[in-house]
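Just below is one structure, and these are the notes that go with it.
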Number of protein chains: 2
Amino acid sequence: MEFYHLRSFVVVAETKNLTQAAKRLCSTPPAISAHIKTLEQELDTALFVRSTKGMTLTEKGQLLLIKAQKTLDSAVDMVNLAADNQDELIGHFSLGLNQSIQALKGAEFIDNISENCPGISLQLQQSSTGKIMTEIQTGQMDGGYIYGEIPDGFTAIEIKQENITTIAPKNFASEKIITQLDLAQSMWITMEQYCPFDKVLKQKLGTSIQSKVQSAHDQSRLELVKNGLGLSFIELAVAEKEQLTGDIQIIPQLSFQMPLSFVVLTKRLNDPIVKALIQEINILWEAPL
Amino acid sequence: MEFYHLRSFVVVAETKNLTQAAKRLCSTPPAISAHIKTLEQELDTALFVRSTKGMTLTEKGQLLLIKAQKTLDSAVDMVNLAADNQDELIGHFSLGLNQSIQALKGAEFIDNISENCPGISLQLQQSSTGKIMTEIQTGQMDGGYIYGEIPDGFTAIEIKQENITTIAPKNFASEKIITQLDLAQSMWITMEQYCPFDKVLKQKLGTSIQSKVQSAHDQSRLELVKNGLGLSFIELAVAEKEQLTGDIQIIPQLSFQMPLSFVVLTKRLNDPIVKALIQEINILWEAPL
DNA sequence: CGAGGCGTTCAGAAATGATGAATTTAATTT
DNA sequence: AAATTAAATTCATCATTTCTGAACGCCTCG
């Protein structure tokens with residue numbers, strides 16, 4: 001049994017699909033299949049049930065998965081310790097941004113990193129809260145900015161409370177008083193499938209919102225609202241600027257604050273690169289250590 | 001980095017000697033050397049300082065060794081879990097005996113094992129407390145019987161308190177009253193370098209005992225005492241039987257009790273084979289679970 | 001100063017793992 | 001009912017890694 005067996009085991013368990021797992025591991029299905037098979041023989045235990053839909057863990061597989069993850073974590077821990085106190089950090093960090101680069105001080109951040117951690121190469125990736133979370137969880141991304149609550153397994157640094165407001169097309173209910181029911185029954189342009197604003201609105205409107213169009217891109221949502229396709233959310237400052245041009249209206253009843261946080265996987269807190277990045281994030285947003 | 005790198009790392013750290021490590025790993029020095037080298041490159045850290053005497057850990061190596069051991073333990077944990085609740089246990093157990101097979105109910109034990117755990121093959125190894133402890137620690141032996149205190153890292157089942165007495169040649173101080181000083185200054189035939197009886201005697205006689213001959217074998221010590229080479233310890237029952245033949249005398253002033261225990265490595269308590277063996281030991285000595 | 005340990009280097013040999021095409025299976029679609 | 005799709009697996013071949021045994025260099029010890 002070697003580490004690559006465990007890695008394959010864990011990834012196949014996550015993806016429930018050998019083909020995808022092979023892709024994620026930069027390998028091919030036959031190779032990963034052989035890993036699993038070898039592991040099963042060595043442990044003398046069936047880890048997965050195969051079907052044409054994919055591979056799902058057996059009960060014993062679920063138990064063993066936890067142990068396998070612990071073992072891999074332990075190995076990562078060792079590698080991290082080795083990298084600690086090394087003269088220069090060398091590595092790569094993929095950072096997810098759920099807002100514009102300007103809003104998240106991207107340029108300043110890059111400057112700081114290349115100044116303080118010249119060995120770390122940085123990749124900024126424009127994305128959305130939901131995608132950022134899943135990509136961090138699968139290891140495709142190392143950290144990022146997200147809105148809303150912090151899921152289990154993540155560690156967060158709260159950057160600020162963002163003022164969010166609702167915007168509507170200029171002519172939306174222009175002649176009557178806008179009721180909560182109006183808002184609840186309207187069509188919304190949400191940000192993504194699992195939108196952190198959704199929960200807030202459920203609390204406020206007592207119902208889930210209906211949405212047929214999603215866009216994680218601020219400017220796109222703004223454009224869609226302008227074209228009368230529905231309501232959406234946007235940062236207050238942006239909304240106010242746009243209101244001046246006169247194509248939208250702000251619905252102040254539905255304003256709220258939403259925490260913006262920088263998050264990484266808790267299990268990676270010992271990674272020296274993650275440590276360094278967290279320090280830089282703290283510097284960037286002027287929060288004390 | 002794979003498991004075999006860590007295994008080599010740990011064993012070399014233990015033996016401080018690449019050649020011995022290679023033997024213990026059933027491999028060759030160049031192979032193990034390459035493992036260490038690869039690991040050092042991958043971790044970008046010197047793990048050992050090489051000298052003509054052998055290999056000793058660097059400071060960082062000492063830190064990393066702990067992590068490496070944890071990782072390997074974690075993997076063993078997983079394998080153990082996999083083997084748990086398996087229909088039939090299959091494996092091998094090397095058992096160290098510090099007394100005669102009869103005294104430790106060897107035959108009955110073998111019977112029980114082959115009855116209750118037919119998949120486990122057993123190897124009995126006549127040895128001494130000290131050797132058994134070191135061999136268990138290095139993994140060459142899986143468990144065994146020892147006298148005296150239980151060292152760190154071991155888990156023990158106390159079997160009984162053995163009555164030990166001192167025997168002397170027939171003509172030893174036959175005409176005078178034997179004083180403690182006489183005993184302390186006499187030549188002793190001890191059992192081994194690190195003799196568990198030594199401590200007891202230190203307490204009783206207030207000094208360490210001098211010994212030029214060691215033998216872990218009861219009958220050999222008996223023979224040497226008979227030939228007037230010095231004093232020694234032996235189980236009371238054996239001594240009394242021998243006294244009848246008239247070649248030795250018992251020195252009842254120096255009798256004491258010594259715990260006899262079955263021990264295994266604590267870290268191996270989760271090993272299903274170890275679990276099974278412990279159960280059998282409990283049955284053998286009629287101790288409740 | 002020579003013998004014996006010890007770790008390392010090196011070239012060839014052996015073992016292992018990866019790959020891509022073909023196969024199998026079963027669910028889904030036409 | 002047939003065709004299609006998506007999934008895992010098998011297999012022969014290829015590429016890579018790893019192991020081995022001999023030779024080497026270094027140091028210590030008698």
Side-chain angles (χ1 to χ4, degrees), chain A residues 1-62 64-65 68 71-72 75 79 138, chain B residues 1-62 64-65 68 71-72 75 79 138:
Chain A
M1 183 174 80
E2 298 298 340
F3 279 123
Y4 62 89
H5 294 123
L6 301 188
R7 269 180 241 122
S8 298
F9 175 29
V10 169
V11 175
V12 171
E14 278 176 8
T15 58
K16 300 177 190 300
N17 178 315
L18 202 103
T19 315
Q20 282 176 250
K23 264 182 203 158
R24 181 134 33 110
L25 291 163
C26 300
S27 183
T28 58
I32 309 303
S33 176
H35 295 172
I36 304 296
K37 197 178 171 188
T38 306
L39 194 56
E40 286 182 321
Q41 284 178 352
E42 203 153 343
L43 299 177
D44 196 20
T45 304
L47 298 172
F48 294 96
V49 241
R50 279 82 162 165
S51 77
T52 53
K53 312 280 293 183
M55 305 178 72
T56 56
L57 283 168
T58 61
E59 288 179 23
K60 197 127 193 184
Q62 292 173 24
L64 289 169
L65 173 64
T71 304
L72 288 174
V79 175
T138 57
Chain B
M1 184 175 77
E2 297 298 340
F3 278 124
Y4 62 88
H5 295 121
L6 300 188
R7 269 180 241 124
S8 298
F9 175 30
V10 169
V11 175
V12 171
E14 277 177 7
T15 60
K16 301 179 190 299
N17 178 315
L18 200 107
T19 315
Q20 282 177 251
K23 267 183 202 157
R24 180 133 33 111
L25 291 164
C26 300
S27 183
T28 57
I32 309 304
S33 176
H35 294 172
I36 304 296
K37 196 177 171 188
T38 306
L39 194 56
E40 287 182 321
Q41 283 177 354
E42 202 153 341
L43 298 178
D44 196 19
T45 304
L47 298 172
F48 294 96
V49 255
R50 279 83 161 163
S51 76
T52 54
K53 313 276 295 181
M55 304 178 73
T56 57
L57 284 167
T58 61
E59 289 180 22
K60 198 130 194 184
Q62 293 174 22
L64 290 169
L65 173 65
T71 304
L72 288 174
V79 175
T138 58

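Quick note on labels: first sequence line is chain A, next is B, and so on, each numbered from 1.
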5' to 3' contact window, DNA chain C with chain A (heavy-atom distance under 4.0 Å):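 Listing 5' to 3', DNA chain C meets chain A from C:dG17 to C:dT28.
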
Minimal non-hydrogen separation, B:Ala68 against B:Val10, with atom names: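 Taking every non-hydrogen atom into account, CB-CG2, 4.2 Å.
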
Distance in Å, B:Leu6 CG paired with B:Leu72 CG, rounded so as to fall on 0.5 Å steps: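 With rounding to 0.5 Å, CG (B:Leu6) is 5.0 Å from CG (B:Leu72).
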
Spacing of B:Leu25 atom CG and B:Tyr4 atom OH [to the nearest 0.5 Å]: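 If we round to the nearest 0.5 Å, B:Leu25:CG and B:Tyr4:OH are 13.0 Å apart.
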
Sub-4.0 Å heavy-atom contacts from residues 46-59 of chain A onto DNA chain C, ordered by number: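 A:Thr52, A:Lys53, in order of number.
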
All pairs passing ring pair (Phe, Tyr, Trp, His ring centres under 6.0 Å) where residues 13-32 of chain A contributes a residue, at least two apart: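 Residue pairs with at least one partner in residues 13-32 of chain A: there are none.
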
[X]: side-chain hydrogen bond (donor to acceptor under 3.5 Å, both in side chains) partners, not counting sequence neighbours:
X	value
B:Arg24	B:Glu14
B:Gln20	B:Asn17
A:Thr138	A:Gln140

Qualifying residues under side-chain contact (heavy atoms from CB on, under 4.5 Å), relative to [X], sequence neighbours excluded:
X	value
A:Ala75	A:Phe3, B:Met1, B:Thr71
A:Thr38	A:His5, A:Glu42
A:Pro29	A:Leu18, A:Thr19, A:Ala22

Distances under 3.5 Å between nitrogen or oxygen atoms of protein and nucleotides 12-18 of chain D:
| unit_1 | atom_1 | unit_2 | atom_2 | d |
| --- | --- | --- | --- | --- |
| D:dT18 | OP1 | B:Tyr4 | OH | 2.2 |

Pair up each side-chain donor or acceptor in residues 48-61 of chain B with any protein partner under 3.5 Å, not counting sequence neighbours, and list the distances.
| unit_1 | atom_1 | unit_2 | atom_2 | d |
| --- | --- | --- | --- | --- |
| B:Arg50 | NH1 | B:Glu40 | OE1 | 3.2 |
| B:Arg50 | NH1 | B:Glu40 | OE2 | 3.0 |
| B:Arg50 | NH1 | B:Phe48 | O | 3.3 |
| B:Arg50 | NH2 | B:Glu40 | OE1 | 3.1 |
| B:Ser51 | OG | B:Lys53 | N | 3.0 |
| B:Ser51 | OG | B:Gly54 | N | 3.3 |
| B:Ser51 | OG | B:Gly54 | O | 3.4 |
| B:Thr58 | OG1 | B:Ala46 | O | 2.7 |
| B:Thr58 | OG1 | B:Leu47 | O | 3.2 |
| B:Thr58 | OG1 | B:Gly61 | N | 2.9 |
| B:Lys60 | NZ | A:Ala82 | O | 3.1 |
| B:Lys60 | NZ | A:Asp84 | O | 2.7 |

DNA chain D-proximal residues of residues 9-25 of chain B, any heavy atom under 4.0 Å: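 Correct list: empty, so none.
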
